[in-house]
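Every chain is numbered from 1 and lettered A, B, ... according to where its sequence line falls, protein lines coming before strand lines.
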Number of protein chains: 2
Amino acid sequence: MLFWERGYEATSIADLTAAMGVGAPSLYAAFGSKRELFDEVVQVYGQTYHAFIARALIEEPTLKAGLDRMLREAAGAYTRPDLPRGCLVISAAVNCNAPEVEQALRALRTTDLDALERLVNVAIDAGELPAGTDARALAVYTSVVMQGMAQQARDGADRGDLEAVAALAMRAWPWTAP
Amino acid sequence: MLFWERGYEATSIADLTAAMGVGAPSLYAAFGSKRELFDEVVQVYGQTYHAFIARALIEEPTLKAGLDRMLREAAGAYTRPDLPRGCLVISAAVNCNAPEVEQALRALRTTDLDALERLVNVAIDAGELPAGTDARALAVYTSVVMQGMAQQARDGADRGDLEAVAALAMRAWPWTAP
DNA sequence: CAAATTCTGTAGCGATCGCTTCGGAAGGAT
DNA sequence: ATCCTTCCGAAGCGATCGCTACAGAATTTG
């Protein structure tokens, strides 16, 4: 979880071995390289701490309810006192001289954005949003809010601040009258 | 401007001297250290590429017009083809092992956020927003949108995408009827 | 109990980091 | 022309980077 807090490059092998309580050779025997270890960490992170996004959007019956839950849960997830602030996928590869690592996380973000755009289009087809709504704009807007919330969490915003942001962000959507 | 593109730590002295076409001793004679050079760069950046924010908010007669202009200009400023994407103040010290540098940029962001909150309070007093409006929530929300736009610009969003985001973001505000 | 195998912790590899020292070229004064 | 000052590029300083070779401990096997 040091990768989450400090990012990929700012976390050294010495930091990792000290935190894990193992020697460097054991680490390399188990994972092969720093990059492979990071890939492993990203995968675990995705299944553990990033999954609330897909869960919220899938489990709720309407896009509006899913987005509201996603943003509200993000406010909590990004400010948990027992975990690093913000989001590993968003922050860990910023200012990273390893292009492959930066690209890997960027690809994850792009995947989320495209999935969001598809869900918006589904909601348009279902009449939850007016025909002619700009699905990509709403998807990018939602990504902007999520990424901004993660950044603000790192800058010290607390859960209440971000929940208020989540509520405000929902007001921008052009829902059809319920 | 390498600091803008790659961040503080990911930019090495060798990168800087190569880009400037001078030797390392000249650089140290002129600026003292990498950190002092960065401070200088941040100051120039603030006066040159960050000033549109204060200009938009000050020069427009209403907060609504100022925010609209700020967000719209941010869409352009963060995606200029002749400059690095996004914003140095937001990105350059992410995942930075030098706490003083990270704190310096964080302080700039906090200053902007507090100034925004004051402007929202002014607008509430002026009747542009309803009494009882949560000024801090709106200020944090606006920072979230600006930081998220900067991040999305780095992820490849183009100017049109961000202008659409700017227009959407404005819809969240509880303006009193004009 | 002894021998063989796996594992772990230390030390060190080359490369690069921020930064500094030093030799030699350039230019002005006498 | 000679001397002196100024400046700049190459080389190198200790520290740290990701990574690995090797010795000794621990464990398994006969």
Side-chain angles (χ1 to χ4, degrees), chain A residues 1-46 84 86 88-108 154, chain B residues 1-46 84 86 88-108 154:
Chain A
M1 302 304 144
L2 290 178
F3 280 135
W4 187 355
E5 189 172 350
R6 308 187 198 178
Y8 174 71
E9 287 207 312
T11 304
S12 72
I13 299 293
D15 294 333
L16 293 166
T17 56
M20 296 185 189
V22 304
S26 309
L27 190 152
Y28 279 90
F31 298 100
S33 71
K34 184 184 178 184
R35 221 175 72 66
E36 291 172 274
L37 166 58
F38 182 72
D39 291 344
E40 200 86 18
V41 167
V42 169
Q43 192 167 338
V44 171
Y45 177 88
L88 182 145
V89 175
I90 293 171
S91 304
V94 177
N95 298 326
C96 184
N97 269 331
E100 18 187 45
V101 175
E102 183 159 12
Q103 271 304 109
L105 292 195
R106 196 194 308 284
L108 288 180
R154 291 193 144 217
Chain B
M1 302 304 143
L2 290 178
F3 281 135
W4 187 354
E5 189 172 350
R6 308 188 198 177
Y8 175 71
E9 286 207 313
T11 305
S12 71
I13 298 293
D15 294 333
L16 293 167
T17 56
M20 296 186 190
V22 303
S26 309
L27 189 153
Y28 279 89
F31 298 100
S33 71
K34 184 184 180 185
R35 222 176 68 67
E36 290 172 274
L37 168 58
F38 182 72
D39 292 344
E40 200 85 19
V41 167
V42 169
Q43 192 166 339
V44 171
Y45 177 88
L88 182 145
V89 176
I90 293 170
S91 304
V94 177
N95 297 326
C96 183
N97 269 332
E100 19 188 46
V101 174
E102 183 159 13
Q103 272 303 109
L105 292 195
R106 197 194 308 282
L108 288 180
R154 290 192 146 219

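Note: CG (A:Leu16) to C1' (D:dC19) measures 13 Å, nearest angstrom. In this entry the distance linking CG of B:Leu27 with P of D:dA10 reads 15 Å, nearest Å. The CZ-P distance, from A:Phe31 to D:dC19, rounds to 13 Å in whole Å. Atom CE of A:Met20 and atom C1' of C:dT8 are 15 Å apart (whole Å). Whole-Å rounding puts the B:Arg35 CZ to C:dC19 P distance at 10 Å. Nucleotide D:dG18 holds its C1' atom 12 Å from the CG atom of A:Leu37, rounded to whole Å. Distance, B:Asn97 CG to C:dT16 C1': 16 Å, rounded to whole Å. Rounding to whole angstrom units, CD of residue A:Glu9 and P of D:dT16 are separated by 18 Å.
Of the candidates D:dC19, C:dT20, C:dC19, C:dC19 carries the atom nearest the B:Ser33 side chain, counting heavy atoms from C-beta on. Listed nucleotides: C:dT20, D:dA21, C:dC17. Nearest to the side chain of B:Ser12: C:dC17. For A:Lys34, counting side-chain heavy atoms from C-beta on, the closest listed nucleotide (D:dC19, D:dC17, C:dT21) is D:dC19. Ranking D:dG18, D:dA21, C:dC17 by closeness to the A:Ile13 side chain, first place goes to D:dG18.
In this structure, B:Arg106 contributes its side chain and A:Arg154 its backbone to a donor-acceptor pair below 3.5 Å. B:Asn95 contributes a side-chain N or O that, together with a main-chain N or O of A:Ser91, makes up a donor-acceptor pair within less than 3.5 Å. Side chain of A:Lys34 to backbone of A:Ser12: no donor-acceptor contact under 3.5 angstrom is found.
For A:Pro25 and A:Tyr8, each mapped to the nucleotide of DNA chain D holding its nearest heavy atom, the one lying further toward the 5' end belongs to A:Tyr8. Two residues, A:Gly32 and B:Val22, neighbour DNA chain D, and the one matched to the more 5' nucleotide by heavy-atom proximity is B:Val22.
One finds a side-chain N or O of B:Tyr28 lying less than 4.0 angstrom from the OP1 or OP2 phosphate oxygen of C:dC19.
Within the nucleic acid shown, A:Ala24 comes within 4.0 Å of at least one base atom, counting heavy atoms only. Contact annotation for A:Thr17: no contact, since no heavy-atom pair falls under 4.0 Å across all strands.
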Set out, in order, the CA-CA distance, both residues' side-chain angles and the distance that settles side-chain contact (heavy atoms from CB on, under 4.5 Å) for B:Val42 and B:Phe3, then state yes or no.
CA-CA 9 Å; B:Val42 169; B:Phe3 281 135; over 6 Å; no
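More than 12 heavy-atom neighbours from other residues, nucleotides or ligands sit within 6.0 angstrom of CD on A:Glu100.
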